[in-house]
Amino acid sequence: MEPDNMDIDPPVESSSVASVAASPIKYRDRVIKRLVEHGVPEEYLDLVYPGIVAFAIENQAWVPELVLNILPSHDEVTEVIRAKSGTKKASSSPSMKNRFRESMTWLKWLMFESDPADALKILAKINIGKRAICGAVWGQNDLAYRCRTCEHDPTCAICVPCFKNGNHEGHKYSIIYTGGGCCDCGDVTAWKREGFCSNHKGAEQIQPLPDKFANSAEPVFHALFICWKDKLRAAEVIIVQEGRKYANELTFVVVEMLLEFCKLSESLLSFIAMKMIHSDGLLEVLVRAERFLSDSVVKILHELLLKLLGEPSFKYGFAKVFLNYYPVVVNEVIKEEIVDPSKSYPLIHTFSVQIFTVPTLTPRLVEEVNLLGTLLGSLGDIFVASAGEDGRLKISKLRNLYELTVRVIEDIRFVISHAAVPKYIYHEQRDLLRTWMRLLSFVQGTDPLKRETGIHVEEESEMHVAFILGHSIANIHLLLVDRAFDVTNQTDSESLSNMSNQENDDGDNLRHAKMGRLSEESSASASGSRVLTCDFQVPESVTWLTHECLKAIGQWLGVDDSASSSSNCITNLLAFKRTFSRIRKGKNIFGRLTGSAENQHLIECSDDDCMAEFDPLHFLSLSSWPDITYDVSSQDISLHIPLHRLLSLLFQKALRRNYDGCVVPNADNQSMSSHTDFFGHFLDGCHPYGFAAFVMEHPLRVRVFCAGVRAGMWRKNGDAALLSCEWYHSVRWSEGLEPDLFLLQCCAALAPADLYIERILARFGLSNYLSLSLEKSSEYEPALVKEMLTLIIQILQERRFCGLTVAENLKRELIYKLAIGDATHSQLVKSLPRDLSKSEELREILQTVAVYSNPSGFTQAQRSLCF
């Protein structure tokens, strides 16, 4: 903000109009001249500010015209701009901001019908000791406090004064550096009431603006906001310097004045917020202002909007406008290929977390204005823009939109994190989940690697983009799966009716079947009338989601050789665009689009003919064990299979919900009954052979790839292969290794043992290893044999998700870590898989396996293994 060096002229004693003729004339005299020309009697203007107040009281209908004439005219602004750029005389003219600030002084007198300073003091006294919400706005790297005991979600924080004035004794809190945002103290949607400081007690403390001030201020604000809106719209459509300059200066001083009001009086803040909502078109042009106003003006404008979000009604109205603007920004960033959209378009970066994390607001937006459909459509636009000429997602192109992609996916996670949203989706909007499956199909198999056998590759790898994308997707899957298990089958009659109609229309009725392992007659596709032999409780939403995931995997696998041409891929790309156009309109989507870098094809089905042309469960329902030819060392291999990992997560949660803490029987007949009953709930329409053979394929390829990297087979691929392997095995990136292993275990439970082992031998390239052939073996063979045997042992013995409780898993992981050496508490937490690091049992288990050593000097407190 520029320093205020404006000198306010003293009131004109007499013949003020005559003084206007003097040259040069001061800006206040210019206002007086315009008012006289407009018809305001001179005797009123002799008194200057009190005079115009007296005239406005007697002539209420004149208020809009008075506001327009008090503000500088376009000609005056043009004159000042040209004078500054052309002659040195401009230095004696008042600055543009001072001209507008003088106008604000006149308008303040009209608003309060008295001296503004006195009126604001009165209003400030109303809120003494009764402030509702802090709303202090942060910049980059400001200090703030997080309190896990008081916050409603991890995005919430409060400023340092509010923390010190509150009672957080015994709470789990930490100091953070902010990246923007505002203090949540006093906001019940973000912070628990018992965590409020002594100065902020919640929105119910806001007192209404006294009628005296409300009646006088309303017409002035109304006229000012209309003028402000018109000037902004004019600046948006023209590129003339004078028009943009006028809008910049007017916006700066108006926002400056409104911020002053908001900081002094919450009653005035609430009043201003409501007037802005009801000023038709104002919010719409304000959210777009970042596209044509200067950065300094946009910054202070966003500060005002953050302040106004403390008013619940304003937050809802602003959220709807913000949501309409969201896809516009996404498309602009895509079109302009902006690497860091937070600088060019800071609105989304600043406000999405403020809106999408509010539990009382977000579910309403999902239901009323298709919030989730808009976000999924925006993500689809990014994927389409990042597709290569072959129509597949290219990480090299997605790299340019990396920041935008992470932003959109994080916003989707914010929305899904509200328990009411997945519940509503599972009951009323399952097409949104089908859309999500199509997006996963687009990511499935992306960023493939191919082993180099010739020249060493020196190109810089961008593989981290794909892994971070997978991590973000996995965060959403955790929420979706958890909520699916929380959704009950009993809903109100209307919701049940809607679900029934939806399921009948789509032909997706599920049959809960018992699944056998060896005979064709036990195929789940032909056993809908069988009765389960155990009391296995799984919500219908879980079986439905599993079925949709299986269909998506089947479609991804179901590649038609005739669809491999480039022209067909382009056709699919167009179909993808049409799909997301329909998503934003809230229409049902029946089209299918899948992509696979490994399978080298895309397949397109649209409308109701899709199921007639291709059964998505065709491969998974095969009753004979298929012979799949593939060589990891010579063909494309991708580590990114989010559909498989979603399926693995569903199996994990179901198994833990029903068998956690139970002893798994060892008898073969009991074991068979247990696993067939378990999988029979999920694999409707699939056969054990088809499911196991095809689902195990891609996780197994990934493990073989990592074995090859460790054996040294991928050295000529440079850092890409090595770093990909390290990412995959990283504890903090647990979205791949453990889910893949568990899925291999599930397939092992369904597949014939000899055929299952033969498949593993084939993928490792060791089919001839047991033949006792005297031919010279490969130099990599010993390392590959070791890795293969390790994998088989893990499949047989690992009980992370099928046998050990959370407490047992925690104990095992902590002992492993402490056996290597002593560690601090934070080091131990970071070494744990994500789900275990958040367990409430961590502290208790840690006390049983570790001894605590007090800090000494510069040495931190350590934990050592207790023998």
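- Residues Leu828 and Ser831 approach most closely at O-OG, 2.7 Å, considering heavy atoms.
- From Phe414, atom CZ reaches atom CG of Asn475 across 10.5 Å, with rounding to the nearest 0.5 Å.
- Under a cut-off of 6.0 angstrom, the local environment of CD in Glu336 is crowded, with over 12 non-hydrogen atoms contributed by other residues, nucleotides or ligands.
- Annotation: side chain of Leu842 is in contact with side chain of Leu832 (closest heavy-atom distance under 4.5 Å).
- Side-chain atoms of Arg288 come within 3.5 Å of backbone atoms of Glu284 as a donor-acceptor pair (strictly under, hydrogens ignored).
- Arg193 forms no cation-pi arrangement with Phe196, by the criterion of a distance under 6.0 Å to the ring centre and an angle within 45° of the ring axis.
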(request) For the pair Leu232 and Phe292, evaluate side-chain contact (heavy atoms from CB on, under 4.5 Å) and give the outcome as yes or no after the intermediate values. (result) CA-CA 9 Å; Leu232 287 172; Phe292 54 89; 4.0 Å; yes
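- Looking at Glu726 and Ser730, their side chains never bring a donor and an acceptor atom within 3.5 Å of each other.
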(request) Begin from the C-alpha positions of Ile175 and Val160 and carry the test side-chain contact (heavy atoms from CB on, under 4.5 Å) through to its verdict. (result) CA-CA 9 Å; Ile175 300 176; Val160 175; over 6 Å; no
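- Between Ile334 and Leu404, the closest heavy-atom pair is CG1-CD2, 4.1 Å.
- Rounding to the nearest 0.5 angstrom, the gap separating the CD atom in Glu260 from the CG atom in Leu120 is 6.0 Å.
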(request) Kindly indicate, with the supporting measurements, whether the criterion salt bridge (Lys or Arg N to Asp or Glu O under 4.0 Å) is fulfilled by Asp381 and Lys335. (result) CA-CA 11 Å; Asp381 289 338; Lys335 180 181 178 181; over 6 Å; no
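- Under the 30°/60° scheme for interplanar angles, the aromatic rings of Phe314 and Phe318 are found to lie parallel.
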(request) Show your working on salt bridge (Lys or Arg N to Asp or Glu O under 4.0 Å) between Arg800 and Asp835 and close with a plain yes or no. (result) CA-CA 12 Å; Arg800 168 87 159 85; Asp835 60 326; 2.8 Å; yes
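- A donor-acceptor distance shorter than 3.5 angstrom exists from the side chain of Glu290 to the backbone of Leu347, with no hydrogens or angles considered.
- Side chain of Asn248 to main chain of Leu293: no donor-acceptor pair is present (N/O by atom type, distance under 3.5 Å, no hydrogens or angles).
- Aromatic ring pairs are classed by plane angle as parallel below 30°, tilted from 30° to 60° and perpendicular above 60°; the pair Phe163 and Tyr145 is parallel.
- Interatomic distance, CG of Leu123 versus CG of Leu268, reported as 6.0 Å (0.5 Å rounding).
- Although no hydrogens or angles enter the test, the distance criterion places a donor-acceptor pair under 3.5 Å between the side chain of Thr362 and the main chain of Val358.
- Proximity of Thr357 to His152: side-chain heavy atoms (C-beta onward) are nowhere separated by under 4.5 Å.
- Between the side chain of Ser837 and the backbone N or O of Lys830, no donor-acceptor pair lies under 3.5 Å.
- Side-chain atoms of Leu433 and Leu480, non-hydrogen and from C-beta on, do get closer than 4.5 Å to each other.
- Of the inter-residue distances, the one linking Arg645 atom CZ with Phe742 atom CZ reads 15.0 Å to the nearest 0.5 angstrom.
- Environment of NZ in Lys299: sparse, with no more than 12 heavy atoms of neighbouring residues, nucleotides or ligands closer than 6.0 Å.
- Of the possible donor and acceptor atoms, none in the side chain of Thr149 sits under 3.5 Å from a partner among the backbone N and O of His171.
- A salt bridge is absent between Asp482 and Arg657; no separation between the charged side-chain nitrogens and carboxylate oxygens falls under 4.0 Å.
- Looking at Met463 and Ile395, their side chains never come closer than 4.5 Å, going by heavy atoms from C-beta outward.
- Ser378 contributes atom OG, which lies 8.0 Å from atom CD1 of Ile412 (distance to the nearest 0.5 angstrom).
- Contact check for Phe322 versus Gln354: no side-chain heavy atoms found under the 4.5 Å cut-off.
- Under the rule for a ring-ring contact (aromatic ring centres under 6.0 Å, His included), the partners of His477 that lie at least two apart in sequence or sit in another chain are Trp436.
- In this structure, Asp187 and Lys315 have side chains that are in contact, with non-hydrogen atoms separated by less than 4.5 Å.
- Partners of Lys817 according to the salt bridge (Lys or Arg N to Asp or Glu O under 4.0 Å) rule, which considers only residues two or more places apart in sequence or in another chain, do not exist here.
- Ser267 and Gln207 are not linked by any side-chain donor-acceptor pair at a separation below 3.5 angstrom, with hydrogens and angles left out of the test.
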(request) Output, in order, the C-alpha distance, side-chain angles, deciding distance and verdict of side-chain contact (heavy atoms from CB on, under 4.5 Å) for Ile338 and Glu332. (result) CA-CA 9 Å; Ile338 299 174; Glu332 287 291 330; over 6 Å; no
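- The shortest distance between side-chain heavy atoms of Leu723 and Phe467 does not fall below 4.5 Å.
- Atom CD of Glu844 is surrounded by 12 or fewer heavy atoms from other residues, nucleotides or ligands within 6.0 Å.
- Of all heavy-atom pairs between Thr848 and Ile845, the closest is OG1-O, 2.6 Å.
- For Cys182 against Gly135, the heavy-atom pair with the smallest separation is CB-O, 3.8 Å.
- The residues Glu256 and Lys97 are annotated as not salt-bridged, no charged nitrogen and carboxylate oxygen being separated by less than 4.0 angstrom.
- Of all heavy-atom pairs spanning Glu403 and Val339, the tightest one is CG-O, 3.4 Å.
- In this structure a side-chain-to-backbone donor-acceptor pair under 3.5 Å is missing from Glu311 to Met274.
- Without hydrogens or angle criteria, Thr374 side chain to Asn370 main chain gives a donor-acceptor distance under 3.5 Å.
- Asp153 contributes atom CG, which lies 9.0 Å from atom OG1 of Thr189 (distance to the nearest 0.5 angstrom).
- Proximity of Gln827 to Arg863: side-chain heavy atoms (C-beta onward) are nowhere separated by under 4.5 Å.
- Checked by atom type and distance alone, the side chain of Ser265 never pairs as donor or acceptor with a backbone atom of Phe261 at under 3.5 Å.
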(request) Please lay out, stage by stage, how Arg834 and His471 fare under the test side-chain contact (heavy atoms from CB on, under 4.5 Å). (result) CA-CA 11 Å; Arg834 183 170 49 182; His471 176 77; 3.2 Å; yes
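- Of all heavy-atom pairs spanning Leu818 and Ala823, the tightest one is CD2-N, 4.3 Å.
- More than 12 heavy atoms of other shown residues, nucleotides or ligands fall within 6.0 angstrom of atom CD in Glu368.
- Looking at residues two or more places apart in sequence or on another chain, you find a side chain to side chain contact (heavy atoms under 4.5 Å, CB included) between Leu479 and Arg413, Ile416, Ser417.
- At most 12 non-hydrogen atoms from other residues, nucleotides or ligands lie less than 6.0 angstrom from OH of Tyr173.
- With hydrogens and angles ignored, the 3.5 Å screen pairs no side-chain donor or acceptor of His418 with any backbone N or O of Leu361.
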